[in-house]
Structures are given as structure tokens and as C-alpha cells.
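Before any comments, here is the structure.
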Amino acid sequence: MKEKYDPQTIEVKWQTFWEDTDLFKVSEDPSKEKYYLLEMFPYPSGKIHMGHVRNYTIGDVVARYKRMRGYNVLHPMGWDAFGMPAENAAIANNTHPARWTYENIDAMRVQLKRMGLSYDWDRELATCRPEYYRWEQWLFIKMYEKGMAYRKESFVNWCETCQTVLANEQVEAGMCWRCGKPVRQKKLWQWFFRITDYAEDLLEYCDRLPGWPEKVTTMQKNWIGRSVGAEIHFPVEGRDEKITVFTTRQDTVFGATFMCLAPEHPLTTTLSRGTDQEETVAAFIDRMALSDRSSRAVEAYEKEGVFTGAYCTNPMNGRRMPVYTANFALMEYGTGAVMSVPAHDGRDFEFARKYDLEIVVVVQPPDEEPDPATMTEAYAGDGTMVNSGDFDGLHNREAMEAIAERMEMENVGKKTVNYRLRDWGISRQRYWGAPIPMVHCNDCGIVPAAESDLPIELPENAELLKGGKSPLPSLETFIKTTCPQCGRSARRETDTMDTFVESSWYFDRYCSPRCDTTMFDKGAVDYWMPVDQYIGGVEHAILHLLYSRYFTRVLNDLGLIDCKEPFTRLLTQGMVCKETAACPAHGFLFPDEIETSGEERVCRKCGGQATVGRVEKMSKSKKNVIDPNVLLDRYGADTTRLFCLFAAPPERDLEWSEQGVEGGHRFLNRVWRLFNLWEDAVRDVAPSDGEGLTGDLQDLYRKTHGTIKKVTTDIEERFHFNTAISAVMELVNEMNGVDPDTASREAAAVMKLAMETVVKLLSPMVPHFAEELWRAAGRDGSVLLTAWPGYDEAALKTDEVLIVVQVNGKLRGRFTIDADADEAAVRERALSDEQVRKFIGGKTIKKVIVVKSKLVNIVV
RNA sequence: GCCUGGGUGGCGGAACAGGUAGACGCAAGGGACUUAAAAUCCCUUAUGGCUUAGUCCAUGUACGAGUUCGAUUCUCGUCCCAGGCACCA
């Protein structure tokens with residue numbers, strides 16, 4: 001082997017070797033147990049960032065490890081290639097989204113290959129290719145036929161800047177998740193997927209995903225937001241109409257004194273028409289539509305509303321209730337109408353006080369009698385029913401049932417379950433997405449495109465418009481078509497699909513990515529699915545993961561796949577963070593814009609003092625980024641990988657440290673030198689089997705087996721690569737204590753075993769390095785094709801064990817003793833310890849606790 | 001406000017199932033090698049104390065209680081940090 005560790009040469013060498021020998025190519029093999037390992041595929045932005053590096057390194061370690069354990073490992077990679085950034089970049093740079101995207105993919109593929117990741121590149125896919133989205137369109141039609149996809153006119157989040165609708169999930173605190181501008185409400189015809197049909201099932205299975213972090217399933221549960229209550233119908237006075245509300249507190253129905261409708265509620269306008277409130281209400285509705293969600297979501301937002309001029313009747317006690325429209329009533333939740341019970345709901349109370357509305361107490365707290373005239377806040381707790389007719393005297397929890405039953409009997413309401421989850425709006429008024437395969441015909445209405453016409457290709461000749469508005473509606477060659485039903489001329493749908501649709505089934509497609517006769521080959525998908533281990537960032541805890549679970553159910557219902565949950569185990573890795581730095585004149589600074597001298601940081605641009613800010617997620621805007629390319633050039637892929645694994649356990653945030661990288665690099669160099677030193681001595685020696693070893697060599701032999709055990713369980717059970725690596729470091733430190741110049745043949749045999757062990761244990765983490773050292777240890781072929789080492793439990797046993805002695809729980813002494821010494825002997829020895837006797841003094845011994853092979857605690 | 005995590009040396013982090021707190025690495029200090037530097041190797045490094053500088057003593061895992069022979073680990077309360085949801089009827 002070369003004297004000096006030179007990552008650049010060996011990394012290229014082994015990457016070429018792997019590629020030339022098709023080492024990572026896999027196919028279905030019923031004789032082997034499969035393992036499907038998947039990392040979330042990237043958006044092809046043009047460059048990989050440290051988040052990708054970390055994500056894919058973690059995945060690669062698991063993939064390589066499982067392969068050495070004998071599994072048939074599927075480990076694919078592809079591109080989440082549709083989406084707005086491509087359009088924005090295309091407009092800015094006067095290019096085409098397709099060109100921009102494919103160029104980025106090519107650049108990023110090179111980068112990923114430099115990382116030495118064990119992908120089966122033959123399965124690579126890009127979601128923007130017609131061969132891919134063709135099947136998505138096919139599925140859309142199937143869903144449409146089954147009523148799982150439908151069109152409705154609804155209020156949507158509209159971003160003026162991006163000229164498009166946004167899913168609720170893409171609105172963050174009232175702002176567009178992409179551009180950060182306020183989102184307003186607009187009424188449009190939209191395509192939806194009926195995910196709410198699966199709300200209960202998705203929720204229920206949250207508790208049947210033991211391989212998922214609880215944090216994620218909890219977030220999904222909250223997002224689905226199941227609540228149990230009742231639907232109650234309130235007849236409108238003087239009209240043949242009913243206002244239906246959803247409430248979780250039907251026990252308080254006798255205390256409902258007024259009604260609140262969402263401004264968008266259809267009855268808000270209808271009821272006010274012809275009353276003297278008509279204009280006031282219309283003005284209020286207008287104002288609410290204009291006010292963006294951000295101000296409506298602000299904390300302590302002032303509750304306001306106006307009287308609609310209409311009244312409704314409380315079906316339980318006949319009370320005449322004024323109907324208001326109020327800003328806090330949300331059209332998207334429940335029925336868009338709230339029965340207001342000011343005595344027992346904080347919001348209703350606030351509203352009632354403001355507009356001087358009646359307050360009636362119907363649930364009495366255990367030890368006070370609230371007076372509606374003087375009470376200062378609503379009472380939301382439990383108590384005894386009052387002012388509630390026949391139900392007076394009951395506990396309110398009992399009344400909940402009883403009232404629901406009575407309402408059902410009298411046909412004025414019923415028990416029901418409501419979900420916060422709403423149907424998934426997938427329409428996007430954007431160009432760079434998969435076209436929705438529907439046709440608008442003047443005679444037949446809206447009909448699906450003929451299957452033989454698929455894919456409905458996104459026209460590549462479209463001219464992008466400034467501002468991001470879709471060119472499709474004005475592109476005659478695209479919209480002009482014939483109706484698949486009547487054959488007359490018709491128009492194509494111009495909405496494209498949300499990119500989350502593509503990412504909801506790409507993992508299925510990887511099983512048979514080139515299949516051109518069906519969405520996926522049944523045999524392949526049944527062999528590989530579900531994904532055994534999925535790895536990605538927490539930022540997708542709700543959206544992507546919930547949609548993927550939903551899609552899997554749809555595909556299951558359509559008989560296309562057998563599994564119901566797509567991801568058996570999920571690992572959400574933490575973010576990659578770094579300290580920020582800024583200078584008063586230039587704001588945030590990139591790491592290479594800072595000169596470091598001792599504790600001082602100086603801005604290179606102006607020479608001014610730079611201040612170091614808090615550690616935050618790496619982001620371009622904060623400029624606290626490290627370009628993976630620089631690391632690959634300077635240290636190579638193995639060091640980069642090693643640091644990502646060593647600095648923190650995967651689920652935790654990783655703080656970037658230049659010195660930490662150096663440390664990793666130093667470790668690899670140390671191992672390299674060690675192998676160099678021993679290369680000749682171990683060449684013709686067989687690895688030791690431990691027979692007849694004593695002293696230091698026996699210790700090293702034992703340490704070797706102990707390290708195998710430690711690394712295996714750390715990877716297998718917890719993916720704690722940081723502790724796995726530190727265990728190998730300990731072994732290497734111990735190996736460094738053996739002097740090759742005076743070493744016996746026996747010592748060489750023990751060293752040979754240790755060396756081979758180190759190489760194997762490190763091979764999933766630093767694969768190029770390991771391949772090279774495998775040769776240095778006198779072996780042929782690829783270390784990746786060897787079996788993961790086993791350990792001998794018997795070899796871990798020691799003749800003597802260390803016993804610590806405590807007096808009253810405090811450490812006072814220690815001694816080593818024969819491992820199989822009996823309890824009496826251990827106790828004897830502990831009590832005779834000089835230091836221990838000092839602390840016992842003249843006191844009487846109350847109790848002695850002996851923990852085998854560990855400790856003695858003497859209580860006085 | 002509600003729901004999840006999480007608070008351990010100068011720093012990243014260890015401690016598997018209640019049993020030696022601080023593995024491993026970084027940084028720092030000291031030394032060796034060198035004409036010198038880099039690289040490398042060795043030693044020290046939680047805090048405080050000392051009539052016995054030790055196989056010493058006290059304190060110490062955010063804070064306060066509790067369970068236990070023994071708590072970083074279990075229970076309750078408080079504070080702080082991060083993430084998610086947020087007028088959800």
C-alpha cells in the first residue's frame with residue numbers, strides 16, 4: 001500500500017470498480033430476504049447541500065451494512081423534478097424549466113457519485129419525465145372513476161406573487177411557503193383527492209407504526225384532528241332553512257344564545273338579504289375576504305362580527321337566537337357555523353361581552369354558582385347540569401350522551417365525528433407540473449382523457465410568462481383536443497398537479513422503474529414493498545408522509561399493491577447547523593469571508609469586527625453554509641461521511657465543526673499508518689482464533705470481539721453510528737499499543753484479526769478507505785461482498801472482574817476478583833478494604849448489597 | 001394556549017435494563033522529535049479544597065421535592081430552549 005493516505009485517488013478507483021462490476025445492481029430474488037432502504041429523493045436544485053450529504057450518508061451506511069448481513073438490498077435514487085423553482089429560474093435566466101432541471105440533475109448525479117453512495121443507478125427516475133407522470137395521470141383517471149378525485153368550487157389560498165393556489169399545508173403562518181408573501185382567499189374551481197375518506201384509517205394506523213418516531217405520528221394525529229361531538233340543526237326563523245353546526249359540547253346546547261356563521265358561509269349572504277343589515281353584512285364579508293389569513297391568525301386577534309338580521313331557533317328549548325357572522329368562525333372547519341355558548345366557551349364569552357349578548361349558565365362548577373352578570377370568564381370544565389330542562393341535575397358528561405340520544409329521537413341532531421383534515425387540493429395554476437388528464441367538453445361536460453392518449457404531455461414549446469402565470473391556458477396547441485366521448489372539439493384541463501402527488505408513489509415505481517405497460521410490475525412491487533427503512537428530514541413529517549400513506553391505501557384499494565403502509569420504519573434525521581457570522585457593514589458573512597485570528601473574527605471585505613451569532617440550520621440566507629464540493633476536494637468522501645456520522649446521533653441536529661472534520665481525517669490517517677506498519681508482518685498469517693492467548697494479546701482479542709458486538713448493536717438497534725465509530729477508535733487505540741518490531745507470530749495473528757475487523761466494521765461508513773485497506777490486510781476482492789463479522793460471546797468473558805465498593809451509596813474503593821467468585825467472597829473482600837473500613841468506622845453494618853460482577857454497597 | 005422533544009465539562013457528545021458520571025472526539029495547556037515549522041507521538045484537563053497531593057475529601061447531569069441501599073436514568077412540581085399546531089366550535 002501507499003505510504004500516504006490519498007483519498008482522491010482511491011475514491012475514484014473504487015467508485016470505478018463498483019460501477020464496472022455492477023456491484024449495486026439488484027433484482028428480485030425470492031431466495032434472499034429483501035431489504036428496501038430509501039432516502040427521500042432530492043429536488044434537483046442544482047447542487048447538493050450538507051443536509052443531503054448527511055441524509056444519504058446515513059442511508060448508505062444502513063444499505064451497505066444490510067447487504068453484508070446477507071439481505072437483498074434495494075437502494076435507489078431519483079429526482080423530485082417538478083415544481084416552481086424550475087419555473088422561477090427559467091424565467092430569471094431565460095431558459096426552459098426542462099433544460100434547467102435536466103442540467104441540474106446531471107450536475108447533482110456527479111456529486112452524489114463522488115460521495116460513493118451504493119445506489120442502483122439503473123433505477124434512477126425523474127418525476128418530470130412523461131414515462132413517469134403518465135402513470136400518475138392513469139391513476140388520476142382511476143381515482144376519478146371511483147369518485148376519489150373530484151372537482152369543486154372552493155375558497156383557496158391564493159398567492160398573488162406566485163399566481164397560484166397553495167395547499168393549506170403550504171401556508172405557513174398565513175404566508176406563502178415559497179415566497180413568504182401574504183396569502184389571500186380566492187374562489188376557484190379545483191381538483192381534490194378525497195383523503196378525508198381515509199381520515200379514520202390513517203389515524204388508527206398511527207398507533208400501528210412502531211418503527212416511526214412518536215413525534216411524527218403525534219404530529220399526524222394532531223393534523224388529522226379527530227373530535228367527537230354532535231351535529232345539531234337550528235331552524236331559521238321564517239324560512240324553510242336550517243343552520244347545521246358541529247359541536248363537541250352538545251351538553252351545553254341549552255346555553256346556546258346566539259349563532260355565528262363564517263363570513264364565507266352561503267347562508268351569511270342569504271339570510272341578510274332583504275334585511276336592514278344587508279349592506280353591513282356585505283361590507284363585512286368583503287373586508288374579511290381581503291384580510292389575509294396572516295392577520296386573521298394573529299394571536300389575540302380581535303373578535304368581531306355583525307348581526308345578519310336573521311334569527312334561528314334553539315331546537316332544544318325554543319330560544320330565539322340572533323344569527324351573527326363572525327371572523328372567528330372558520331368555513332374550513334366543521335360546518336362553518338358555531339352555536340355560541342358564551343357561559344362555557346372562551347371565544348363565545350368574549351364575543352358576547354363585546355356585543356352585549358345573553359349569557360346563560362348550564363353547567364354548574366362543583367363549588368360555585370357563576371352569575372352571568374358578573375362572571376369574567378367562561379367555565380369550560382365539568383359540573384352539574386342546570387337550566388337544561390329534563391337534564392338538570394345530571395353530570396354534564398352523562399348529559400352529553402343523553403342529549404345526543406334525545407336529539408336523535410327528535411330528529412334535530414346526531415352524534416358525529418369531525419376531522420380537522422380536509423380534502424387534498426391538488427390543482428396548481430402552474431406550468432411545470434404533471435397535467436391533469438381531463439377534458440372539458442361543451443356537450444359531455446368534464447370527461448377523462450382516453451387512456452390511449454396518455455401521457456398527456458406537458459408541451460415543451462411553451463413560452464413562460466413573467467410573474468409565473470401558467471402559459472398553458474393560452475397555448476392553443478395544448479388545449480385544443482377532441483372529446484373522448486363524443487368526438488367533438490373540446491378543451492384540455494390546464495391545471496397541473498401538486499408535486500406532492502409525484503412523491504406519493506415514487507417509492508413504488510422504483511420497484512420496476514422501466515415498466516411501460518403498467519404503473520408498476522405487480523411481482524416486483526409485491527417483492528420489494530413496503531420500504532423497510534425510510535430516511536429523511538422532519539420537515540416532511542406531515543405533508544409528504546401523510547400523502548404517501550394515503551396513496552398507498554388508494555393503490556391498495558385499487559388492487560395494485562398488497563401493502564397498506566408504505567414505510568415500516570422511519571428515521572427523521574436532524575438538521576445540519578452552523579454558527580452564523582455577521583459584520584455591521586455587510587450583514588451575514590459566508591465562512592470564507594471571515595478571517596479568524598485567535599478569538600477574533602474579521603470581515604475580509606471591510607476589515608471590520610465580525611460577530612459570531614447563534615448556531616442555526618445551514619441556509620443560504622444566513623450564509624452559514626459549507627459547500628460539500630469543497631469538503632470532497634479537500635478531504636475526500638470518506639472523511640466527509642465519517643464526520644457526518646460521528647458528530648451526533650442521526651436523529652439529533654448536527655453542529656458543523658471544521659476541527660471535527662479534521663479530527664475525522666486524522667483518525668483515518670492514523671488507521672492508514674497502522675496498517676502500513678503491519679502490512680508485511682500479517683501478510684502470511686492467519687487471523688487468530690484466540691486459542692491459548694494470555695495477557696495483552698488476550699485483551700486485544702477480547703477487545704476485538706467486544707468491538708464487533710458494540711458496533712453491531714449500535715447499528716442494528718439504534719443507528720447510533722457515533723458510538724459505533726468511537727468503539728472502533730478505542731480498538732485502534734489499543735492496537736497502537738502493540739509494537740510490530742518485537743511482535744511474535746501470535747501477536748501478528750491477533751493483529752490480523754483486529755485489522756480485518758476494523759476494515760469490515762468501518763466499511764459501511766468509509767467504503768473506499770475500507771476497500772483499500774482490505775487489500776493491505778492481505779485480502780482480495782471487495783470487502784463489501786464479505787459477510788459482516790460475528791463475535792464469540794465466550795471470548796468476551798474475562799477471568800477477573802472489577803468490583804466497586806460503596807458505603808451508603810458513595811464510592812469508597814475498588815478491587816478485582818475472580819469472575820466466578822461467590823457472593824460471600826466478594827462481600828468478604830469488600831469489607832476488608834482499608835478505605836472502606838475507614839468509612840464504616842465503628843458503625844454497625846445494617847445491610848450489604850452485592851450486585852454480581854459489579855458492585856458492593858454497604859449500608860451503615 | 002395545547003401537543004411533542006430536550007437541558008450532562010470550554011465544545012460535540014457517552015453512560016445498553018436504576019449500579020464507577022464524563023467513553024470517543026474537538027479545543028486548551030505542558031512535553032518529546034526537529035536548526036525551525038508542519039505532521040506525528042506522550043502527558044494533563046468537571047469544579048472547589050488540602051495538616052496525609054492521594055487508590056484523598058467535598059460538590060456536581062437545569063432547579064426543588066419524592067421513591068430506593070443506590071437516581072443523569074423512575075415519579076411529581078418549577079424554570080428555560082427547540083419543533084409542531086394554533087380563534088378547531
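Every chain is numbered from 1, with letters handed out A, B, ... down the list of sequences. Everything numeric in this text was worked out from a predicted model, so none of it was measured.
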Looking only at side-chain N and O atoms, does [X] come under 4.0 Å of OP1 or OP2 in [N]?
X: A:Arg666; N: B:rA27; result: yes
X: A:Lys215; N: B:rG5; result: no
X: A:Arg812; N: B:rC57; result: yes
X: A:Arg718; N: B:rA15; result: yes
X: A:Arg652; N: B:rA14; result: yes
X: A:Asn733; N: B:rG25; result: yes
X: A:Asn722; N: B:rA14; result: yes
X: A:Gln835; N: B:rC57; result: yes

Once hydrogens and angles are ignored, does a donor-acceptor distance under 3.5 Å link the base of B:rC87 to the side chain of A:Lys303? yes
Identify whether any heavy atom of [X] sits under 4.0 Å from a base atom; if not, whether one sits that close to sugar-phosphate; answer base, sugar-phosphate or nothing.
X: A:Glu214; value: sugar-phosphate
X: A:Arg673; value: sugar-phosphate
X: A:Phe839; value: sugar-phosphate
X: A:Pro213; value: nothing
X: A:Leu802; value: base
X: A:Ser657; value: nothing
X: A:Lys221; value: nothing

Should [N] form a Watson-Crick or G-U wobble pair with both distances under 3.5 Å, which nucleotide is its partner?
N: B:rC63; value: B:rG77
N: B:rG1; value: B:rC85
N: B:rA71; value: none
N: B:rA38; value: none
N: B:rG18; value: none
N: B:rA58; value: B:rU47
N: B:rC11; value: B:rG25

Are side-chain N/O atoms of [X] and [Y] paired as donor and acceptor at under 3.5 Å?
X: A:Thr580; Y: A:Asn624; value: no
X: A:Gln220; Y: A:Arg549; value: yes
X: A:Thr244; Y: A:His233; value: yes

How far does the [atom1] atom of [N] sit from the matching atom of [M], given to the nearest Å?
N: B:rA71; M: B:rU59; atom1: P; answer: 13 Å
N: B:rG60; M: B:rG9; atom1: P; answer: 14 Å
N: B:rC79; M: B:rC88; atom1: C1'; answer: 30 Å
N: B:rA58; M: B:rC50; atom1: P; answer: 16 Å
N: B:rU73; M: B:rA53; atom1: P; answer: 36 Å
N: B:rU40; M: B:rC33; atom1: C1'; answer: 9 Å
N: B:rU61; M: B:rC80; atom1: C1'; answer: 16 Å
N: B:rU8; M: B:rC63; atom1: C1'; answer: 15 Å

Using a cut-off of 6.0 Å, state whether more than 12 heavy atoms not belonging to [X] lie near its atom [atom1].
X: A:Lys221; atom1: NZ; result: yes
X: A:Lys354; atom1: NZ; result: yes
X: A:Glu716; atom1: CD; result: yes
X: A:Asp696; atom1: CG; result: no

Residue closer to the 5' end of RNA chain B, A:Met219 versus A:Val859 (nearest nucleotide): A:Val859
Return whichever of A:Ala727 or A:Asp653 has its heavy-atom-nearest nucleotide of RNA chain B closer to the 5' end. A:Asp653
Quick check for you: among [options], whose closest atom lies nearest to any side-chain atom of [X]?
X: A:Met729; options: B:rC24, B:rC41, B:rA89; result: B:rC24
X: A:Leu811; options: B:rA89, B:rA21, B:rA23; result: B:rA21
X: A:Ile542; options: B:rC24, B:rC87, B:rG84; result: B:rG84
X: A:Arg420; options: B:rC69, B:rC88, B:rC87; result: B:rC88
X: A:Thr723; options: B:rA15, B:rC26, B:rG12; result: B:rA15
X: A:Ser726; options: B:rG19, B:rA23, B:rC85; result: B:rA23

Expressed as a whole number of angstroms, how long is the span from [X]:[atom1] to [N]:[atom2]?
X: A:Lys847; N: B:rG70; atom1: NZ; atom2: P; answer: 9 Å
X: A:Glu655; N: B:rG25; atom1: CD; atom2: C1'; answer: 14 Å
X: A:Lys4; N: B:rU40; atom1: NZ; atom2: P; answer: 11 Å

N-glycosidic conformation, B:rG9 - syn within 90 degrees of 0, else anti: syn
Check the angle between the aromatic planes of A:Phe351 and A:Tyr324 and answer parallel, tilted or perpendicular using the 30° and 60° thresholds. perpendicular
Angle between ring planes, A:Phe721 versus A:Phe719, binned at 30° and 60°: parallel, tilted or perpendicular? parallel
